[in-house]
Amino acid sequence: MTLKNTSSNSVCFKVKTTAPKQFCASPNTGLIIPGDSKQIKVMLQPFKRFPSDAGRHKFQIQSCVAPAEDIQDFKSMWKNVDRSKILYNILRTTFIENMNPTSGEESREIVDGIATNDVGILAGILDSLDVENIVLRQKLEDARRELVEVRKEIEDSRAARSQTRFECEICLQQFTDIAGRRAPKVLRCGHTICASCVNSLQQNNSVTCPFCRVVTSKLIEIYNNFIILGDSQ
């Protein structure tokens, strides 16, 4: 990931993720002078099984004008920065299973084929062949169980992706109903954030969108996003 400062001011940045136990970004905070860029290494922690919720993870890039050229404590700086001055960018993760040098779609078809066809084939081998070698029979049993597990993980992954999860892209918390602190609120520009973040960003009865900088001049112009809520009120 490459971050480039195209402004005339030095900019501080911070990289956050919804899955800190699975991803590591280095460096995850720093300073970029005007016209310069910073290379961010994003690493995936080792795992034995393909994560079923892989497609739901996100990275959030926060940036603001640097309060000083020489910052020693970025943690303290981000704690005290005015939230209305922070810009947010969201990056969504995409996992591609690459079993061989083929496209991601072909790899998915290979996995699906194994899960749906080879389980039955191996079961037939175990039933029809007179396997005299006990070690070989045990290996075939282990392979059959592993393929069953792979099929279950694929089905769980598809089920997880089919359930849309709506969340505030500032605090990354899931939206609640209109009575909760995380109720989805639509700004004048059309972006939706939660009620708690609206309260944090509002100044003098107005809110500046952290994504496009359009100002909603009156809080009365902010209304509930009933499409996200699935409510017919």
Begin with the C-alpha distance, continue with both residues' side-chain angles, and end with the deciding distance and a verdict on side-chain contact (heavy atoms from CB on, under 4.5 Å) for C24 and V42. CA-CA 6 Å; C24 177; V42 178; over 6 Å; no
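- Crowding of R188 atom CZ: a count of heavy atoms from other residues, nucleotides or ligands under 6.0 Å not exceeding 12.
- With sequence neighbours left out, the salt bridge (Lys or Arg N to Asp or Glu O under 4.0 Å) criterion links R145 to D142.
- For the pair K58 and E167, the salt-bridge criterion is met [side-chain N within less than 4.0 Å of a carboxylate O].
- Side-chain contact of Q39 with T2: a donor-acceptor pair under 3.5 Å is present, judged by distance alone.
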Which side-chain N or O atoms in residues 223-230 pair as donor and acceptor under 3.5 Å with protein atoms at least two apart or in another chain?
from	atom 1	to	atom 2	distance (Å)
N224	OD1	K185	NZ	2.6
N225	OD1	I227	N	3.2
N225	OD1	I228	N	3.2
N225	ND2	T192	OG1	2.9

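- One finds a salt bridge joining E169 and R92 here, because a Lys/Arg side-chain nitrogen approaches an Asp/Glu carboxylate oxygen to under 4.0 Å.
- Shown are L3, L87, I32, N5; of these, the side-chain contact (heavy atoms from CB on, under 4.5 Å) with S63 is made only by L87.
- Listed by first and then second residue, the ring-ring contact (aromatic ring centres under 6.0 Å, His included) pairs that reach into residues 180-217 are H191-F211, sequence neighbours excluded.
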Table please: side-chain donor-acceptor pairs of residues 202-210 below 3.5 Å, with sequence neighbours left out.
from	atom 1	to	atom 2	distance (Å)
Q202	OE1	N205	N	3.4
Q203	NE2	D82	OD2	3.2
S206	OG	Q203	O	2.8

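- Using a cutoff of 4.0 Å between basic side-chain nitrogens and carboxylate oxygens, E221 and K218 are not scored as salt-bridged.
- Both I86 and F74 sit in one connected hydrophobic cluster of ILVMFWY residues. Membership requires side-chain heavy atoms under 4.5 Å apart, directly or through other members.
- Residues satisfying the ring-ring contact (aromatic ring centres under 6.0 Å, His included) criterion with F59, sequence neighbours excluded, are F23.
- The cluster map of Ile, Leu, Val, Met, Phe, Trp and Tyr, joined by side-chain heavy atoms under 4.5 Å apart, puts L44 and L91 in the same cluster.
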Show the numbers, then the answer: is there a side-chain contact (heavy atoms from CB on, under 4.5 Å) between Y88 and I61? CA-CA 6 Å; Y88 298 84; I61 314 299; over 6 Å; no
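- Considering only residues two or more places apart in sequence or on other chains, S76 meets the side-chain contact (heavy atoms from CB on, under 4.5 Å) condition with D73, N80.
- In terms of heavy atoms, L187 sits closest to I222 at CD2-CD1, 3.8 Å.
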